[in-house]
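See below for the structure under consideration.
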Amino acid sequence: MARRVAIVGTGQTYHKSHRPDVTSREMIKEAVSSALADAELTIRDIDAIVIGNMDHFESINYVDTYSVEGSGGVMKPIMKVTTGGTTGATVAIAAYYHVSSGFFDRVLAIGFEKNSESDTTGAIITCSDPVWDRFSYSGAIPSLATEATAYMEKYGATQEDAALIAERDRGHAMNNPYAHLRRPLTVADIMASPMLAYPIKLGDICPRSDGACAIVLAADGIAQKITGKPAWFKAAAVRHTYTWFGDSTDYNKGLVSMQRASKDAYAQAGITKPVDEIDVAELYLPYTWAGLKWIEDIGFCGPGEASKFVGDGHTHMGGKLPINPSGGVISTNCIGATALLRVAEAAIQVMGKGDTRQVPDVRNAIATGFGGCFWSDIVILSSERP
Amino acid sequence: MDKAAIVGVAQIKYERRKKDQIFADMVFDVTREALDDAGLTIHDVDNVVTVSNDFFDGRTISGMAVGDACGGQDKNISTVSGDGTFGAFYGLMRVLSGYKATIVVAHYKGSEGDINITTNGMFDPVFHRHLGIDAVSSAALQANAYMTRYGIREEDIAQVSVKNHGNAKNNPFAQLPMDITVNDVMKSRKIAEPLKLLDCCPISDGAAAVIIAGEDIAAKCRKKPVWVRGVAHCCEEYFLGDRDLSNPVALREAATRAYAMAGIRNPIEDIDVAEVLEPFSYMEPLWLEGLGFCEPGAGCSLITKGITVMGGKLPVNPSGGALSANPVLVAGLARLIEAALQVRGEAGARQVKNADTALAQGFNGPCGQSHCVWIISGTK
Amino acid sequence: MSTQNRQGELMQLTFAYPMPYEWSIGLYGSRFFQEIKEKRRFIGIKCNGCGMVYVPPRRVCGPCFKELSELVPLSDTGVITAFSVVNYPFIDPNTGLQRPIPYTYGYIRLDGADNIFSHIINETDLGRIHVGMKVRAVFKEPDRMQGNIQDIKYFDIIS
Ligand SMILES: [Zn+2]
C-alpha cells in the first residue's frame, strides 16, 4: 500500500524581476543546491526528479531534458509535469506519488520561471482556445476583474477591503529575505495606483518574477533520518474542474474547484474545523480579491464574511490563522515556481525554519495552487506523521 | 511493487491530417473505447493523467483542451509533458499510491504545427537554436556518429524501414503500411545525410489511451490483465556535444533498472516481443543495443539474422513502429498498447505466437536523451 | 594565453521567429461559423443528460461525460454577465504586435444558452456599461467572413 511521505528540505532563489546573470538552468541549480543543503543531502542521494514550468514563458521545449545540468538530472529519472499556474503544486503532488508508490525513496521537485524572458500577458493568452477565445482574451486580469466585480456587488465588499490583502502580504514579505517585492504597500498606496481593469489596480495584482524553487521529499523511515522534523503530507487534492473558459464563470457559485479540493483535502487529513486545526496557510492569491473570496471557498470563514475576518486581523502574523507569512504571490510570482513556493513555505513553517517569518508552534499547514481554467490544488502538511 | 495492470487500451487510426477532429474529439473517442475495452465506466476511473506538449499543440496549458473529453471533471487530473510511456508511468504511480484506476490519454496533431520549428525549440536558445537544428537534423548527426563508429552501411539501416513498413500492413492503426525494398529506401529523397525519406517517420495525427488499475479492479475487467513487471526511466546529458551519440547510456540504465524490477536476467531469452520508438530507422538497432539485446554495434545484425522479424526469436515492432506512424508523445503510448495487445494475444494479424512478456520503450528529448522502459506480462 | 573571468556586460539574445499553426475547428465549431454566415445567428448544443445548452457547441458535456448532438438555434442577442475595460499594454500573440487598448472584454450569456461566450463589447466608457445590459452581435458582411471568431466584429449594447 501507499507509503507515507514527507518534505525534508526546501530551497529557493532570491526572487527578482530580472535575472540576466543566469540562464534558467543556472537559476534552477541555485534552488536545487539550496534544497539539498537544507536537507544535508547531495545530488547522489536523489533517486528521481520532477520538474515543471510554463513552456511559452521561456519558449523552451522539453525543459526536463534542457535543464538536467541545473536540476541534477544527468543519468537520473526525470519527468516533466505542467498545468499552468497550478504547475508548482502539480509538481509537488507528482513527486509525492513518486515516493508514495514505492518507486523512489528521495525525490526532488522543481518549479521555475523566468518571466522576464517573454511578454507575460502574451504568453498567458496562448492558454486560451485559439479558435474561440484568443482573439478577445487579454490574460488573467480581466477574468479576475469580473470575479472581483461580482463579489463586490454580491457582498458589498469595497476596494479598500481588497487592498488590505496586499497591504498584509506585502507587509509579511518584509520578513522574507527571498521575496521579490520587499517594500511595504499601504491601502492608500494601492487605492492610488493606476487602474488596469476595473476594479483591479496595479497594487492589487502579483508582479512577474524570475525565480526557482525546489523541495526534497522522502519516504517514511528515510525522512526521519534526514531531519528531526519532517513535514508530512496529510493531503493532496486536485480539482481542475473546467475545460472551457465560458463554463467557469458563474461567480455566484464561488471558486468551485477550491470548494471541492478543500473538502477532499480536509477529508484526507481528518480536519473538520479548518480555522481551528490549521495553523498557517500559504495561499496562491494572485490578486487581492482572491484573499477575500477564496478564503470563503476554502472554508476559513462563511460567504461574505471575509472582509471582516481579514479586517479583524485573524490572517495577519500573530492572528489565529496567519495567511502568507512569506508575502505570498502578491510579493513574488515566478509562475511555474509560484505554487511550489506555497508548498515549500508551508513545509518551512511545519519544520520550524521560518526564522523571522515563522508562525509559532505550527502543526498543520495548508498550501494551495491556482491556475488554468479556475483550477485549484491543495496540499496539507503536518508535523505529525499521519 | 504492489500489483498493477493495464486493463484497457485504445488507439485511433493514425493519419497525416485529421482535419475533422479537434484534440478533444480524438481524446473523447479513445477514452470511451478504452473504457469499453476494460468493461469499466468513467465512474470506475478515479483519476486522470493527460499527455501533451504546449509547443506541439500551440497552446499553453495544452492539457486544458482535453479535460472534459477524458472525463477529468472533478477528478485528480494532471498533465505529463513528454512521451506517453512517461505519462503512463505517472498513472501507474498514482495507482500504487492508492488510486483505484488511472486513465492515461495522449493526443498529438503533427499536421497543425511546424515540426521543424517546434523541435528546434528543444535546443539551447543561446548556442544551438539559431543554427536551425531540429529533430531531423540532430537525428542525422546521431545516425552518422553511430554508423561511422561501427562501420554500418546505409543499406543495413534501410532494412529496418523495409521490415517495419511491411509489419505495418498487419496493423489497422498504422499510417504507412508499405511493401518496399532496401533499394526503394536507398533511392528515396535525401532528407539529411545519411537519412533518406524512407528512413524517417511520417507526420501523424492521433490519440491513444490506457487504463491502469490495481488488482481489485483488474479482477473485474473484461479483458485479461496485463501486469506491470518493471518500469524505469533515465536521462543523460543535454548538449549533443557532451554525449556519445552512438552509445545510449540513459536507455541502458533505464533498461537495467526495469529488468531488475521484472527479474529479467537475459533479455533476449526472457522477452518475447518488443515495441521500441524508432522515428528514424537507425534508432531501432541503436536502441536494441541499449536494451541489451545484443552487443554494441551489432543492432543491425539482429535483422539480418532474422531475429527481430516476424517469426523470429524476438520480433521488434510488429505494429510497424513509429516509422509507420509517429504521433509524437502518443507514439510511446502506442508502443505500450501494442505490447499489451501482444501479451493479451489480441494483436490480430500482427500477433507474435505465445507472447507473454513484452517490452515497450519511449523517449523524450533530442536523439533519445531521456528514455522510459516498460516490461509487461500476462503472468503476475 | 589567458582569459579573464571578470564581470562584464551581461548579454541577452532575442528570439522572435513566428511559430505557425493550423488548428482544426471540428464538426460543431464549423457548424457554428457556417450558421453565422448563413443565418447571422448563433447555435449552441444541448446535453440530454443535464439539459445544459453550451456555446460554442462541442462534442462532450464535461459533468455528464456524454456525447452531444442536439444543435440548438440561438439568436444574435445576449446579456452581459461580466466585463472588463482592458487598459494595460501587452503583446498580442495573434499578431505579434501590441493589442490596441482600451478595449472591453466581455462575458456574454447568449439568449438560450446556459454557459458564457466571451467576445468584445463596443463600449469602453465605464459610465455606459453595466452587468445585465442587453447586447447584440454585429457581424461582418458575409462576403468578408473567413470562418473565424472575427466574423463577429463585436457586441453592441442595445439596452
Ligand atoms: Zn450534461
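All chains are named by letter (A, B, ...) in the order of the sequence lines, taking the proteins before the strands, and each is independently numbered beginning at 1.
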Item checked: Contacting moiety of B/D242, where chain A heavy atoms sit under 4.5 Å -> side chain
Check: Can you say whether the rings of B/Y238 and A/Y66 are parallel (under 30°), tilted (30 to 60°) or perpendicular (over 60°)?
Finding: perpendicular
Next item on the list: Determine yes or no for a side-chain-to-main-chain donor-acceptor pair under 3.5 angstrom, with B/N76 supplying the side chain and A/V238 the backbone.
Entry: no
Notebook entry, point to check: For A/Y62 and B/N364, which heavy atoms make the closest approach, and how far apart are they?
Noted result: CE2-OD1, 3.6 Å
Next item on the list: Pick one of side chain, backbone, both or neither for A/A261, based on which atoms fall under 4.5 Å of a heavy atom in chain B.
Entry: neither
Checklist line | Rounded distance (nearest 0.5 Å) linking atom CG of A/D64 with atom CZ of B/F86 | finding: 7.5 Å
Notebook entry, point to check: Hey, is NZ on A/K29 packed in by over 12 heavy atoms from elsewhere, all under 6.0 Å?
Noted result: no
Check: Do the rings of B/Y99 and A/Y97 sit parallel, tilted or perpendicular, given the 30° and 60° boundaries?
Finding: perpendicular
Check: Which one of A/C373, A/G73, A/A94 has the most heavy-atom pairs closer than 4.5 Å to chain B?
Finding: A/A94
Margin query: Centroid separation under 6.0 Å, is that true for the rings of B/F89 and A/F103?
Written below: yes
Next item on the list: Considering only heavy atoms and a distance below 4.5 Å, find which of A/I60, A/T90, A/V74, A/T83 pairs most often with chain B.
Entry: A/I60
Margin query: Assess whether a salt bridge exists between B/D124 and A/R25, defined as any Lys/Arg side-chain N lying under 4.0 Å from an Asp/Glu carboxylate O.
Written below: yes
Checklist line | Between B/T119, B/N120, B/D74, the one whose heavy-atom pairs under 4.5 Å with chain A are most numerous | finding: B/D74
Notebook entry, point to check: Which one, B/H233, B/R129, B/Q369, leads in non-hydrogen pairs under 4.5 Å with chain A?
Noted result: B/H233
Next item on the list: Return the option, out of A/K80, A/E58, A/E69, A/H240, with the maximum number of heavy-atom pairs under 4.5 Å with chain B.
Entry: A/K80
Check: Within a strict 4.5 Å, meaning less than it, do heavy atoms of the A/T65 and B/P366 side chains meet?
Finding: yes
Next item on the list: Name the region of B/V249, side chain, backbone, both or neither, that has any atom closer than 4.5 Å to a heavy atom of chain A.
Entry: both
Check: Looking only at heavy atoms, which two atoms of A/T82 and B/S81 are closest? And how far apart?
Finding: CG2-CB, 3.7 Å
Notebook entry, point to check: From B/I22 CD1 over to A/D129 CG, what is the distance, rounded to the nearest 0.5 angstrom?
Noted result: 7.5 Å
Checklist line | Taking every non-hydrogen atom, the tightest pair across B/T60 and A/A123 | finding: OG1-O, 3.6 Å
Check: OG1 of A/T243 to CD1 of B/I77: how many Å apart, nearest 0.5 Å?
Finding: 7.0 Å
Check: In Å and rounded to the nearest 0.5 Å, what is the CD1 to SG distance from A/I78 to B/C234?
Finding: 10.5 Å
Checklist line | Short side-chain to backbone donor-acceptor contact, A/H56 and B/D54, under 3.5 Å | finding: yes
Check: If you look at every heavy atom in A/M75 and B/R257, which pair is closest and at what distance?
Finding: O-NH2, 3.8 Å
Next item on the list: Answer yes or no: does atom NZ of B/K380 have more than 12 heavy-atom neighbours from other residues, nucleotides or ligands under 6.0 Å?
Entry: yes
Note to self: At a 4.5 Å cut-off on heavy atoms, which part of A/F104 comes close to chain B: side chain, backbone, both, or neither?
What the structure shows: side chain
Next item on the list: Counting only heavy atoms closer than 4.5 Å, note whether B/Q73 contacts chain A via side chain, backbone, both or neither.
Entry: both
Margin query: To the nearest 0.5 Å, what is the distance between CD1 on A/I49 and SG on B/C235?
Written below: 8.5 Å
Item checked: Contacting moiety of B/F239, where chain A heavy atoms sit under 4.5 Å -> side chain
Next item on the list: Check whether any side-chain heavy atom of A/N61 lies under 4.5 Å from a side-chain heavy atom of B/F123, and answer yes or no.
Entry: no
Note to self: Heavy-atom pairs under 4.5 Å with chain A - which of B/M122, B/K75, B/E237, B/R59 has more of them than the others?
What the structure shows: B/R59
Item checked: Considering all heavy atoms, the nearest B/D68-A/T241 contact -> OD1-O, 4.3 Å
Check: Out of curiosity, B/S97 OG to A/R3 CZ, how far, rounded to the nearest 0.5 Å?
Finding: 9.5 Å
